[in-house]
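Below, read A as the first sequence line, B as the second, and so on, with proteins coming before strands; counting in each chain starts at 1.
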Amino acid sequence: MWKIVVRRLLILIPQLIALSLIVFFLAWLMPGDALRGLLDPSMPPGEMNRMREEAGLNDPWFVQYTRWVGNVLQGDLGRSLQHRVPVTRVIGDNMMNTVRLSIMTTVMLYAIALPLGLLAGRKHNKIPDKVIMLYVFTFFSIPTIVLALLMIFFFAFGLGWFPAMNAVDVRAAFEGGWPEFWSRIHHLILPSMTGAILGGTGIIYFLRNQVIDVQNSDYITTARAKGTPERRVYTHHVLRNALLPIAGGMGASIAAVVAGSLFIERTFTINGMGQLFFDSVLGRDWPVANALIMFYAVVGVVAGLLADITIMLVDPRIRIK
Amino acid sequence: MSNDTLLQIKDLRVSFRIEGQYYAAVDGVNLEIKKDEVFALVGESGCGKSAMALSISRLHNENYTQCAGEVLYEGKDLLSMTPAEMNNVRGGKIGMIFQDPLTAMNPLMRIGAQIEETLTYHTNLSRAEKKARALELLERVGMVNPALTYDQFPHELSGGMRQRSVIAIAIAAKPDLIIADEPTTALDVTIQAQILDLLDELRTGTGGSMILITHDLAVVADIADRVAVMYAGQIVETATVYDLFANPLHPYTRSLLHSMPSALTEEARLHTIQGIVPTLKNLPRTGCRFAERIPWHNASLHEENPTYHEVTPGHFVLCTCYKTFALGGGTHGTA
């Protein structure tokens, strides 16, 4: 077991190297650079080139790449060209909002998707299944921004139940403690519901099919033939087997939630990493953009690792000696 | 119903829903299984053998299936039992062995736990007693290393070992009736023989009845006491094994027997029965259902509403077309 985890961790290294190269070249190939935005008509002609030289932007790509990687390894992600402070600080200020949003979204996601998926599968072709499937197909095809706007329109402006923007009430944040905590939850409900309602559709559909499949499998008939009461057949045989692939897919869906927060933060104006990412791309602030892309990529890779470990823990067939 | 009857099936009808309509896959079956006998049910694929077996334990998905008639187990009708009563019967009174051992066990549970599950619902044994019993069962079904198998998962076992485990699950609570639905179909020939020997041995050991569903007539000749031949949802002939092999009456039975490969005949080609079993939707519902597959078909030989004829005591045959042979109306050689 531990051997596999270690082996899997070692695989991370080439994965991360490949990732860093991709990330670097994406930024490198982007048209324009941070300095061009600062161009001042009154600048002398050589000045621009002097600044580029100073920032190291005229070096060959491998020099720039090794410099960047070397710095990253020392925890130095460079300085934000827009904010004029270290990237780590810019990201650090925004990270917690994204982490909170992601946790809340993931919790809501599974709180919605698991019961609905199981119910739909169990009541296959009956009314609950049909209603749930209607929801799945409707929301599967709605873009995040549209649902986010609808949520804001109905629940923030129409009913006034939840705030439409920001991560926390300024006064509550100043107060700290429980008021701040509740204020944060209150602010996160709409954005995380938006993410959960949309992200849950795939899981519901998959889980439903999984339950239908497992219910008709031979070993369920065997379980019934033993005289196992229907409820126990469900909890001990159907449930475990049906949830197996969901557990395996958990890493991927958490990664999707983190990545999905990009649009949600933007729409709900939460100062998270998604918001920051937009700003840094638009402002050609490549140290920040690079760091963020790298962060998202690492989340994806680590999520994959977690998924592998989870599935190894729950499925005896995958345990390799 | 005589005293030595264990299971009596009266006018059983099992219908499946296809595109909103129900079609009977088992169409009016009457059977009696006696205590301590091996009763074989033979027929081609799609004849309704498995559908009938599953309906005895009511294991069909009730959303798509209707069962009518009576299935009397020791005089009590299984079809009208409550789910809780039914759970006592399943596993406790009737053990089931299925066709494909590769899929018949929960992939996430250890073999020991799967055997103990049967014991949980039908005995009051403590944990340690259950484990002891499970190990004993594993040994009885011929596991070389019961203690090892107990902790293994299904995927770690071979097909034959898995079928042995399935058998251990089925016999764990000492049921009086075992329904074995083509227990050897998915196994290779050498293992088939071992599993059949095991079934026969277990049965003679505990003294229970067994319904053996198969399309392998050699198996029937080997271990069955009585045989029913099923075609298109009906039983076309019932007899003791001896009578059936010595004196097959129904043209379908004769065709089946004739289709057995034999080392003794010189025929280069194996006889096959013309045509296929009609699909559920296209099943002829009146007259002799096998009529269209008899090449020497002569309408006058069939009954309009086929009934059972007791030719010799205990030897029943459906429809009068069996008389073809008595009348010399055709042979398979010309078929």
Under 4.5 Å from any heavy atom of chain A - which part of [X]:
{"X": "B:Thr103", "result": "both"}
{"X": "B:Ile94", "result": "backbone"}
{"X": "B:Asn106", "result": "both"}
{"X": "B:Gln99", "result": "neither"}
{"X": "B:Met86", "result": "neither"}

Notebook entry, point to check: Under a 4.5 Å heavy-atom cutoff, which of B:Asn88, B:Asn61, B:Asn87, B:Thr118 has the most pairs with chain A?
Noted result: B:Asn87
Next item on the list: Provide the closest heavy-atom pair for A:Pro316 versus B:Pro107 in the form atom of the first, atom of the second, distance.
Entry: CG-O, 3.5 Å
Should the heavy atoms of other residues, nucleotides or ligands under 6.0 Å from [atom1] of [X] be counted, would the total exceed 12?
{"X": "B:Glu139", "atom1": "CD", "answer": "no"}
{"X": "B:Met81", "atom1": "CE", "answer": "yes"}
{"X": "B:Asn124", "atom1": "CG", "answer": "no"}
{"X": "B:Lys130", "atom1": "NZ", "answer": "yes"}

Margin query: When you compare the side chain of A:His236 with that of B:Met109, does any pair of heavy atoms fall below 4.5 Å?
Written below: no
Check: Does a side-chain heavy-atom distance below 4.5 Å link A:Arg317 with B:Glu156?
Finding: no
Note to self: So if I take each residue of residues 200-232 of chain A and look for any heavy atom under 4.5 Å from a heavy atom in chain B, which residues do I end up with?
What the structure shows: A:Asn216, A:Asp218, A:Tyr219, A:Thr221, A:Thr222, A:Arg224, A:Ala225, A:Lys226, A:Gly227, A:Thr228, A:Pro229, A:Glu230, A:Arg232
Item checked: Positions in residues 103-139 of chain A that reach chain B, provided some heavy atom is under 4.5 Å away -> A:His124, A:Asn125, A:Lys126
Check: Can you tell me how far the CG atom of A:Leu244 sits from the CG atom of B:Leu108, to the nearest 0.5 Å?
Finding: 5.5 Å
Check: Would you say the side-chain atoms of B:Glu117 and A:His237 include a donor-acceptor pair closer than 3.5 Å?
Finding: yes
